[in-house]
Colleague: 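Quick one: this structure, given as structure tokens, is what I'll be asking you about.
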Amino acid sequence: MAAAPSLPLILAREFAANVATPFLVLDREGTLVYFNERAERLIGSTPGELCPLPELEWRQRFSIERLDGSEVADEQTPSATARRERRPVHET
């Protein structure tokens, strides 16, 4: 039986569902647990089809690039920085 999602994850999903930009929700371990409709267009799947997706799997499946097309190293991604420094992070 899967553990019930924590309140912060529930609130993050609700927030993500109501924003106009692509938004991913990761749990404390880096597992992709939800993404909103805008992100579905980029990912090509729905959260029901893909989630939960462990960090190693989503990092292998998706590449993260800067606007100039250069790839972002795994340890430099906003999600890695947020988990390492325990603070919100975003990037264009």
Side-chain angles (χ1 to χ4, degrees):
M1 185 164 129
S6 67
L7 180 58
L9 284 178
I10 292 168
L11 295 174
R13 281 183 62 154
E14 182 63 26
F15 178 75
N18 290 295
V19 296
T21 58
F23 197 106
L24 306 175
V25 177
L26 306 176
D27 69 9
R28 184 179 300 245
E29 288 76 38
T31 300
L32 177 62
V33 295
Y34 179 76
F35 49 92
N36 67 4
E37 190 174 324
R38 301 280 184 173
E40 286 179 20
R41 296 177 192 159
L42 297 173
I43 292 172
S45 295
T46 66
E49 296 167 337
L50 208 56
C51 294
L53 190 63
E55 182 177 20
L56 182 60
E57 290 183 41
W58 69 256
R59 287 200 183 277
Q60 290 173 343
R61 187 180 290 228
F62 310 121
S63 64
I64 300 173
E65 301 174 344
R66 292 189 169 75
L67 290 174
D68 66 6
S70 62
E71 198 164 321
V72 178
D74 287 348
E75 66 276 358
Q76 295 177 339
T77 62
S79 63
T81 303
R83 288 185 26 235
R84 183 177 55 250
E85 298 179 11
R86 302 188 53 78
R87 65 179 180 86
V89 181
H90 75 281
E91 224 179 278
T92 301

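In this text the structure is predicted, and so the values were computed from the model without any measurement. Atoms considered below: every heavy atom in the structure, side chains included; atoms not considered: hydrogens, waters and symmetry mates.
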Colleague: Once you round to the nearest 0.5 Å, how far does OG of Ser45 lie from CD of Glu40?
Modeller: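 Answer for the OG-CD pair, Ser45 versus Glu40, is 8.5 Å.
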
Colleague: What side-chain donor-acceptor pairs closer than 3.5 Å can you find for residues 23-37, not counting sequence neighbours?
Modeller:
unit_1 : atom_1 : unit_2 : atom_2 : d
Asp27  : OD1    : Glu29  : N      : 3.0
Asp27  : OD1    : Gly30  : N      : 3.1
Asp27  : OD1    : Thr31  : N      : 2.9
Asn36  : OD1    : Phe23  : N      : 3.1
Asn36  : OD1    : Arg38  : N      : 3.4
Asn36  : OD1    : Ala39  : N      : 3.0
Asn36  : ND2    : Ala16  : O      : 3.0
Asn36  : ND2    : Thr21  : O      : 2.8

Colleague: In chain order, what residues pass the ring pair (Phe, Tyr, Trp, His ring centres under 6.0 Å) check against Phe62, with sequence neighbours excluded?
Modeller: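 Counting only residues at least two positions away or on another chain, Phe62 forms no ring pair (Phe, Tyr, Trp, His ring centres under 6.0 Å).
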
Colleague: How close do Pro52 and Pro54 get, heavy atom to heavy atom, and via which atoms?
Modeller: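 Answer, listing the atom of Pro52 first, then Pro54: O-CD, 4.0 Å.
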
Colleague: Side chains of Val72 and Glu65, heavy atoms from C-beta outward: is any pair under 4.5 Å?
Modeller: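 No. Closest side-chain heavy atoms not under 4.5 Å.
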
Colleague: For the SG atom of Cys51 and the CZ atom of Arg13, what is their distance to the nearest 0.5 Å?
Modeller: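 One gets 8.0 Å once the value is rounded to the nearest 0.5 Å.
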
Colleague: Using the rule given for salt bridge (charged side-chain N to carboxylate O under 4.0 Å, His left out), can you reason through Glu75 versus Arg83, listing the C-alpha separation, both sets of side-chain angles and the distance that settles it, and then say yes or no?
Modeller: CA-CA 10 Å; Glu75 66 276 358; Arg83 288 185 26 235; over 6 Å; no

Colleague: Under 3.5 Å, side chain of Glu49 to main-chain N/O of Thr46, donor-acceptor pair present?
Modeller: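 Such a contact is found between Glu49 side chain and Thr46 backbone.
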
Colleague: If you draw a 6.0 Å radius around CZ in Arg86, do more than 12 non-hydrogen atoms from other residues or ligands fall strictly inside?
Modeller: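 Not buried by this count: 12 neighbours or fewer within 6.0 Å.
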
Colleague: Nearest heavy-atom pair of Leu42 and Pro22: which atoms, and what distance?
Modeller: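 Heavy atoms only, the tightest pair is CD1-CG, 3.6 Å.
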
Colleague: Please enumerate all residues that pass side-chain hydrogen bond (donor to acceptor under 3.5 Å, both in side chains) together with Thr81, with sequence neighbours excluded.
Modeller: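 Partners of Thr81 under the side-chain hydrogen bond (donor to acceptor under 3.5 Å, both in side chains) test: Arg84.
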
Colleague: Evaluate side-chain contact (heavy atoms from CB on, under 4.5 Å) for Gln76 paired with Ile64, printing each intermediate quantity in order.
Modeller: CA-CA 10 Å; Gln76 295 177 339; Ile64 300 173; over 6 Å; no

